[in-house]
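Everything numeric here is computed off the predicted structure, so don't read it as measured data.
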Amino acid sequence: MTRNKLYSLLLIACLSGFIYLFYSIQKEQQETVGVCIIKNVTGYACPSCGTTRAVILLLEGKIIDSLLLNPFGIIVAVIMTGCPVWVLTDIVLKKETFFSAYKKSEAIIRKPWIAIVLTLLVLLNWIWNLYKNL
């Protein structure tokens, strides 16, 4: 993937995430449209179900509640706030620090034992979501 393509995709994804987050904040949580295809089709929560609500809890300062709802919320919040700033800084300064970090991270994640650990963490989060009956 090229630097420009990565930066464009990341900025579009973060912008989309912010739009959905602000939409969710404006609506009462009970009225928010469920966009999870897995939950809509099967009736069971996916590993990321509750992430938006977890980010909203985090914005309200309820860190423990956010972690208990879905730990992915904190990861998503960090990515959604940190990455656009880093990418835009790279664009303005005409550098590739984010792109280099992305390439290094990708190489690390491709190691089988790291991929297995990350997959197990996602599965544990999924089990947690199913246990909570999200």
Peer 1: Parallel, tilted or perpendicular: which describes the rings of Tyr23 and Tyr20, with under 30° parallel and over 60° perpendicular?
Peer 2: tilted
Peer 1: Verify, without hydrogens or angle tests, whether Ser48 (side chain) and Thr51 (backbone) share a donor-acceptor contact under 3.5 angstrom.
Peer 2: no
Peer 1: Between atom CD1 of Ile38 and atom SG of Cys49, what is the distance when rounded to the nearest 0.5 Å?
Peer 2: 7.5 Å
Peer 1: Roughly how far apart are Asn129 CG and Lys39 NZ, rounded to 0.5 Å?
Peer 2: 8.5 Å
Peer 1: Do Leu120 and Ile127 sit in the same hydrophobic cluster, where Ile, Leu, Val, Met, Phe, Trp and Tyr count as joined when their side-chain heavy atoms come under 4.5 Å apart?
Peer 2: no
Peer 1: Is there a path of hydrophobic side-chain contacts, each under 4.5 Å between heavy atoms of I, L, V, M, F, W or Y residues, that connects Phe72 with Ile74?
Peer 2: no
Peer 1: Any heavy-atom pair between the side chains of Ile12 and Ser16 that's under 4.5 Å?
Peer 2: yes
Peer 1: Sort and list the pairs that fulfil side chain to side chain donor-acceptor pair (under 3.5 Å) and have at least one residue in residues 80-89, not counting sequence neighbours.
Peer 2: Trp86-Thr97
Peer 1: Checking Leu6 against Phe98 for the side chain to side chain contact (heavy atoms under 4.5 Å, CB included) test, could you report, in this order, the C-alpha distance in whole Å, the side-chain angles of both residues, the deciding distance, and whether it holds?
Peer 2: CA-CA 10 Å; Leu6 174 66; Phe98 182 85; 4.0 Å; yes
Peer 1: If I take atom CG from residue Leu57 and atom OG from residue Ser66, how far apart are they, to the nearest 0.5 angstrom?
Peer 2: 6.0 Å
Peer 1: Please check if atom CD1 in Ile63 has more than 12 non-hydrogen atoms from other residues, nucleotides or ligands closer than 6.0 Å.
Peer 2: no
Peer 1: Around Tyr44, counting heavy atoms of other residues, nucleotides and ligands shown, do more than 12 lie under 6.0 Å from its OH?
Peer 2: no
Peer 1: Under a single-linkage definition using a 4.5 Å side-chain heavy-atom cutoff for Ile, Leu, Val, Met, Phe, Trp and Tyr, are Val122 and Ile114 assigned to the same hydrophobic cluster?
Peer 2: no
Peer 1: Do Val85 and Ile79 belong to the same hydrophobic cluster, where Ile, Leu, Val, Met, Phe, Trp and Tyr are linked whenever their side-chain heavy atoms lie under 4.5 Å apart, directly or via other members?
Peer 2: no
Peer 1: Are side-chain heavy atoms of Ile56 and Ser24 found at a separation under 4.5 Å?
Peer 2: yes
Peer 1: Are Tyr102 and Ile109 connected in the hydrophobic side-chain network, where two residues link if heavy atoms are under 4.5 Å apart?
Peer 2: no
Peer 1: When you measure from the side chain of Lys62 to the backbone N and O of Leu67, does any donor-acceptor pair fall under 3.5 Å?
Peer 2: no
Peer 1: Give me each pair satisfying side chain to side chain donor-acceptor pair (under 3.5 Å) with a member in residues 112-128, each pair once, sequence neighbours excluded.
Peer 2: Asn70-Asn125
Peer 1: Could you state the interatomic distance from CD1 (Ile19) to CG (Leu15), rounded to the nearest 0.5 Å?
Peer 2: 4.0 Å
Peer 1: How about Leu134 and Leu69: do any of their side-chain heavy atoms sit closer than 4.5 Å?
Peer 2: yes
Peer 1: Just wondering, do Leu10 and Pro84 contact through their side chains at under 4.5 Å, heavy atoms?
Peer 2: no
Peer 1: Are Arg3 and Ile91 packed together at the side-chain level, in the sense that at least one heavy-atom pair is separated by less than 4.5 angstrom?
Peer 2: yes
Peer 1: Do Leu9 and Met1 touch side chain to side chain, with heavy atoms closer than 4.5 Å?
Peer 2: yes
Peer 1: Kindly check if the number of other-residue, nucleotide or ligand heavy atoms within 6.0 Å of NZ (Lys95) is above 12?
Peer 2: no
Peer 1: Hey, what do you get for CD (Gln26) to CG (Leu21), rounding to the nearest 0.5 Å?
Peer 2: 10.0 Å
Peer 1: So, the side chain of Tyr7 versus the backbone of Thr2: is there a donor-acceptor pair under 3.5 Å, distance only?
Peer 2: no
Peer 1: Please report the interatomic distance OG(Ser105) to CZ(Arg110), rounded to the nearest 0.5 Å.
Peer 2: 12.0 Å
Peer 1: Any chance CG of Leu93 has more than 12 other-residue heavy atoms, nucleotides or ligands included, within less than 6.0 Å?
Peer 2: yes
